[in-house]
Every structure is written in C-alpha cells, then in structure tokens.
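Proteins come first, then strands; the chains are lettered A, B, ... in the order of their sequence lines, and each starts at number 1. Please read all numbers here as calculations on a predicted model, not as lab measurements.
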Amino acid sequence: MQANLIDVDYVTEDEKAVIRLTLKKNRFKRFYDPSFEPYFYVDIGEENQGEVKQAARALEEFTAKDSEGKPVNVLRVDSEKKLLFGRERELLKVFCKHPTHVRMFRDKLGKFGVVYEADIPFARRYMINKRLRPFYKLDFDADDEKRIKKITGKKEDDVQLNTMAFDIETYNPQGMPRPSKDPVIMISYSTGEESGVLSFKENGTGFTEVLGSEEEMIKRFCELVKEKDVELLVGYNDAEFDLPYLRDRSTALKTDFTLGRDGKTGFSLRSRGLFKQARINGRLHVDVYPVVKFLALIGAVKSKRLTLEKVYEEFFGEKKEDVEKMRIWEYWENNKQRKTLAEYSLSDAEATKKIADEVLPLETELAKLVGAPLQEVCGATTGQLVEMLLMREAFAQGRVIPNKPSAEEAKKRSKNPVQGAYVKLPEAGIYDDIAVFDFRSLYPSIIISHNIDMDTLNCSCCSLEESHTAPSGHRFCSKKKGLIPSVLDELIQRRSKIKKELKKHDKDSEEYKKLFARSQALKIIANSFYGYLLYSRSRWYTRDGGESVTAYGRHYIKDTIKKAEGAGFKALYGDTDSCFLQLNGKTHEEAIAFLKSINKGLPEKMELELEGFYPRGVFVSKKTGKATGAKKKYALIGEDGRIKIRGFELVRRDWSKIAKETQRRVLEAILKEGSEEKAVSIVRDAIKLLKSGEAPLDDLVIYTQIRKKLNSYDIISPGVSAARKAVKAGTQVDAGAMVGYVITRKGNSISDKALVREMAGDYDADYYINNQVLPSVMKILKELGYSEEDLKTGGKQATLFGF
DNA sequence: TAATTCGCTAGACCGA
DNA sequence: TCGGTCTAGCGAA
C-alpha cells in the first residue's frame, strides 16, 4: 500500500502501547504498528563496562510499583553501543510494556547508573527511529486488521488537506461573554471554495443557514465538519476561546459537542508553554494565532498588534471588515445591524482561511524538516524546533540524546550569561556615501568553521596546534565533526541549493512558493542554533561553545573594521555582523575590491557580503548621558530612494502615531529632499494640530503590553495605570494583553492621566507636544542645529551662531 | 516552561 | 522639587 503520513500517536491494547498512524490515501485512514516498544538507556559508567551483562540481568529482576501499588517489571534488558558525549559506550537498553512505565522506572534506577532518553514521547520516538517525516509517502504492507507488517519505502511528498476555518460570535451584553448564560449567536465557516454562516435568527443574507435554536446550530456545525470530511480544522485563537466556548455552551444546553472522527469526542486541550494546543480525534487542528505570534517573534510578521484584522491587512494589503467587539450584542438585537454582523462573521472565517493558506506552507516545511507532525510544529518555539531536529539527527548518528537539565541547573545557567556581540559607537551626524557590509549567517558559519559543539570541546585527540582555538581561549576538535556543526552545515548547504533553484521558477508558481517556504524554514532553524547553545533548558547547552561563538564574532567584525580603516575607509558604525563604511572619496569598485580581500582571509564557510551602498545616512546622539552617538539607531537612504530605518521611535509600538508619523516625515524630508525647511514646517504643523485640540484620538494612542499580572507591578506605568482603570470599569486584562491608552487632561502624574482608548474623551496637548512629538524629532533636528525653542516659536535662533 | 545578548528610553520612585 | 536609580518594555542583531 501507499499513503501519506499525517500523524502518529498511540493507543493502549491489553496494557500494551500500540503505535497508531494516521495516513492519507484519498481519505484519512488509521493503521497500527504493535511491533514497536518503548525503551530507554542506562549508563553504568566507564569503569563498569565489564559488567554490562550482569547489570542487565539484575535490572530485569527489578520491580517497581505503579500508582495503584501493583508491581511492574521491565520487559527485558539488552545492551547497545552508542556515542555518549562523543565517546563510545555500551549502555543498557531497557524495554518497557508501556510509555508510562518508562517514566515510572526513570526516577528509580539511580543505583544502576545514569538514565538517558527516558523523556522522549513514544510517538516521537517512533518517528525518529523509523526515520519518518510528516507528509512523506510511505510504501508498506499491512494485514486486514490494519496492522503494519513492514514499511518498505518512503519519499518526500506533499498532501492537500481538506481544510476548514471557523469562527464564532457570542452575545455579550456585559462586555465579556459568559459561557454559562450568553449564547453563541453565529458560527461561520470557510473552506476556501465555500463559506457560510450558521445562526438561529434571520439576518437577510443569502449565505446564512437559519436553524431553530442555538443547540441546533451547534449540532449543525458538528455535522458540517463530518459532512465535509474536514481533515484540518483551523481557527484564530480558537484553542483559547471558540472551542472551549462551544464546549461550555454545549454543556449548558445539555447537548453533545462532537468534532471527532469517532463521532463521540469534542476536543482535548493540552497546555503547551504560553498557550494551549487543541487536539481533535482523527483530524488535524491548527490555531493560527500562535503561529502568527511565532512569525512575529522571528520577524516574519511585522504587525505590532496581532488581531485578525491587523494580520489580514498586513498579508493582503487590504482592510478587513470589522465591528466594535463590545457592541456585538447590539448588532444582534437590531434587525438591520444583524446583517452587518453576519457579514463580519463570514469575513472572519474567510480571513482565517486565507491567513492559514499563507502560513501553512512554512509550517509544513518546518514539520518536514524537524520530522514532527504539523500540529506539533504549529506554535512550537524555535527552541523546541531545534531540539526536535537535533534529537532526530543525534539518533541517526548513533549518539545518545543528552538529558534536559534540572530546574536548579537551568536556573544556574541563566544566571551566568556570556558576553555577547560587539557594537561600535557611532558619532552623531549626517554622512554621505556609505557602504554597508555584513557577514552572511555569521554565527552559523562560525559554528561550522570552528566545529563548535559540546562533544568537540577540549577533545583529547587534537594537539593545541591542531585544534581550533577561539579568542576566548576554548579549544575545539579539528578531526571529528560534532553533531551541531554537521547538522548546521547540512542546513546551510541545502538552503544555498534551494536559493539557486528558486531563480529558475516564476515567483507566482506553486513550486516557487514551496521552495521559498523551505528556504525560510531552513533559515529560521539555522539561525536558532546559537541561541539554543546558550538556552538554559537546552539539552545541548554548551556555555563555552556559545562564548566562543561570540568571541569569534567580535574578532571577525573588529578585524574587518580595522582593515577597512587601514584601507582608507572611515568606519562609522558596526553591530554584531555588520560594518558601515564611509567611502571617503573611494569608488564602489574599490569598496568591492576591499570586500574581496577580506573574503580571501576568511574560512571557507564564512563570507562578508555587500549589503548595499547608501548615498546618505543619519546617526543621532543619545538623549541621556554624555553627548555620544546612539547605538542601534540610524536611518539610511538607498540609491533607489528606499529608506532603511532602525531603532527610531517610529519603529516602536510604544509611541503614538502622531509622534511616529512626524518623525518619519522629518527623516524623509532630510534624507530624500535634503530640506530642513520642510522638516521644520512638518513639526510646526503637528504642534499646531495638537494645540488646536483637533488631533484624532486614534493618532494619540500608545500601545504597550501588560506582561505580568496587573497586581504584581512594583512601578505603576501609564500603561498599567490605564489597564487597572479599565479593569475597574469591567474589562478583562490578562498577562500578555496589549493595552492602547491616551494621555488625557485629568490628573497629576502621567499615569493618572492615562486612560484606555475606549474610555478617553480628550487629550493633553502639552504632553503630546513635549513628550512625544518634540523628543522624537529633536534627535534628528539637533544634528542640523535646531533647538526645541526654535520649533515651538520662530526659526533658527541667533544663539546658534554664537560660536 | 520553552533561543541569545546589547542597548535605548520613559516615567515612577525615592531620598535629600 | 530635583536629580539619581530602578523597572519595564521594546527593538537590533
């Protein structure tokens, strides 16, 4: 038989764990592999290698008690040669009847030795050992009972999944809907080709199916999922809201909520880091919200607020219909507005489907790359993804997977950070003719070039001269390649091949999109390895390794800057892997010749690249402290007129729109047009608008995240103060919530004056002039000799010419 | 409970 | 009420 792998989990039959595979051939089908058994390793120590056999027999006699006090034995004990921290070692391989027994024995075998690989989930263990990857096409033999006899082949493939997005609207007269009382009033769905709304009151649209009651509506939704044979159900924040709400309503209405393929179960929730993961029997489920959040974290999504509307706008460049969430109940009660609500509801499901279509290709490639099912990968952090990949590759290379650190050990690690990158202090000013160079994948290329790994550190096989010695003094093997450098090298090579292949395809073609997603997946993972080396809960934590990576990094960039100055360029600035050189009368060709000379002296896998030439750029001074330049804050204008801005207020979400827009226009006036007069008049106009009291409140909103519980703050910032007042007025503000507030006229301190946008009626013009607009533009205009007074009153004052 | 460090800035807080 | 210190958030890489 041939079918594509979708998911792996296990069921228990006669107290024995049996692997269950969900495969797709036309439809989802399930097969079982009873031949695979849970196991873990015990290392009895180097000095006891002669007693492996005796230890194995002793362990077979060992009895533990389960939670009910029943005695449990291991199934059997074999031995196996593996690489343990880079050295060959014979380990006890302990088989168990059930994955829960692995956990039971794990903590009780201290007298035998050190336990390894006892915390690998059974289904993942299966995928790792059998070298299975999601969506791959498997060839296999199975009997009539759907028991797999043998998997005879597997190859890379793609699968189209029957996908349906959904969304619910709830009645909310109190602001927040209460699942015990407030009904679900609409359920919208979209498969891409087909979409509609379920409700139980007429609304005058053609796409709504009107049912007799809320109960019938929920039942109809479950039917639809079954009818359409949904293989992948997607929602936006539905694991947190829509699914639990539907379940709670079903309970309140004493009806069933059955989404599962078994026709009995709804869904189960698993807590997973910061959010929940919902699983539905026999179907895949992906909550798009955590996926978008992940993409925002790595910079692939730029939007500061991750509402469905904002994200839709960013992806498709067009506005999505929206309603005032607090007034949904009013829309419901009003015959005319109910139609608007239905249209909005439908657009939610359709937008969710479209966003899912945008993000799933990348998630699919990540799943194939790290070898874990789609729903495990969606919303996983970079640390989890790197770990999945390394566990898989460690097995392939015959290496034992290191254990996770204890809580104390992790804490100790995080209290002991390493020195990071070098940032060159710039001098404030406006400069012409700048070349920007940067190292391509600096940290990954250092790790590969210098073989930085836990197992290659201080090896015993290389002499001092033979070793790679980092500027930090740490020594790495030059003979045997470590796990991390080998995996990373493979990733980088695959990515460069794909980038070449990409050029052969049309940008709109399916093939291009797939390859682009693959290239992106490789980049995301490759860039996360350095972080993983120093991540406190990492299995492969290597402090000396991480320290060596940054030390090499500082060495290479400083060396490049030194050589640039030697060659007659003026080094303006540099951060981690980049250097900004003023050409100083030199030509572009001379800059490129310099680049080539640097590359000649670098290891093979390292490369300095030309990021671009910029006719003009601005560095500003720091606000506080001495009048030095500010790091991580600059603006450049390219030869094509495009402006590259880093670090300024205008890229930050915790500044008002009016301040950011004014700063952006001032920067453009100076960089593009070179016009001081225009810049100054832009500022004056903004001040005039604010003074007139006519500035729209929406342009004055300052967004900030409430990262902790509202009552756990030592210092009450304006954002926290506004949020607390909103809570008093009946809104919910949990940790992680984004609040948008306005500084109003009422109150003494700025915090006193802060109110969330919905509660604000006026604004404090002086605050916005003196604390928002002026500080943000002064950073730039100071370089041109203007003072704050100049902007508030007349033109450039005589005092400036006093010296 | 989920990748790192470097750096800027505001506004609150606190003691003189 | 002034100035220094600290908390907190966000961005660059």
- Quick one: sort the A/His450 and A/Tyr552 rings into parallel, tilted or perpendicular, breaks at 30° and 60°.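 Rings of A/His450 and A/Tyr552: parallel, under 30°.
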Which part of the nucleic acid, if any, lies within reach of [X] when heavy atoms closer than 4.0 Å are counted: base, sugar-phosphate only, or nothing?
X        : answer
A/Ser538 : nothing
A/Tyr767 : sugar-phosphate
A/Val418 : sugar-phosphate
A/Tyr713 : sugar-phosphate
A/Asp438 : nothing
A/Lys632 : base
A/Gln419 : sugar-phosphate

Any salt bridge between [X] and [Y], counting N to O under 4.0 Å?
X        : Y        : value
A/Glu408 : A/Lys411 : no
A/Arg665 : A/Glu668 : no
A/Glu376 : A/Arg279 : yes
A/Glu409 : A/Lys412 : yes
A/Glu387 : A/Arg539 : yes

Side chain of [X] - closest among [options]:
X        : options                : value
A/Asp575 : B/dA3, B/dG11, C/dA12  : C/dA12
A/Leu534 : B/dG7, C/dA8, B/dT4    : B/dT4
A/Tyr535 : B/dA3, B/dA12, B/dA10  : B/dA3
A/Gln705 : B/dA12, C/dG9, B/dA2   : C/dG9
A/Thr382 : B/dT5, B/dA3, C/dG9    : B/dA3
A/Trp655 : B/dA10, B/dA12, C/dA13 : B/dA10
A/Asn771 : B/dC6, B/dG11, C/dA13  : B/dG11
A/Arg653 : C/dC10, B/dT9, B/dA2   : C/dC10

Could you tell me the separation between the [atom1] atom of [X] and the [atom2] atom of [N], rounded to a whole number of Å?
X        : N      : atom1 : atom2 : answer
A/Ile750 : B/dA10 : CD1   : P     : 10 Å
A/Asp752 : B/dG11 : CG    : P     : 14 Å
A/Arg440 : C/dA13 : CZ    : C1'   : 17 Å

Could you give the side-chain donor-acceptor pairs of residues 572-581 of chain A under 3.5 Å, partners two or more places apart or in another chain?
{"residue": "A/Tyr573", "atom": "OH", "partner": "A/Lys632", "partner atom": "N", "Å": "2.9"}
{"residue": "A/Asp575", "atom": "OD1", "partner": "A/Lys632", "partner atom": "NZ", "Å": "3.3"}
{"residue": "A/Asp575", "atom": "OD2", "partner": "A/Lys632", "partner atom": "NZ", "Å": "2.7"}
{"residue": "A/Ser578", "atom": "OG", "partner": "A/Asp575", "partner atom": "N", "Å": "3.3"}
{"residue": "A/Ser578", "atom": "OG", "partner": "A/Asp575", "partner atom": "O", "Å": "3.4"}

Atom pairs under 3.5 Å, N or O on each side, protein against nucleotides 13-16 of chain B: can you list them with distances?
{"residue": "B/dC13", "atom": "OP1", "partner": "A/Ile716", "partner atom": "N", "Å": "3.3"}

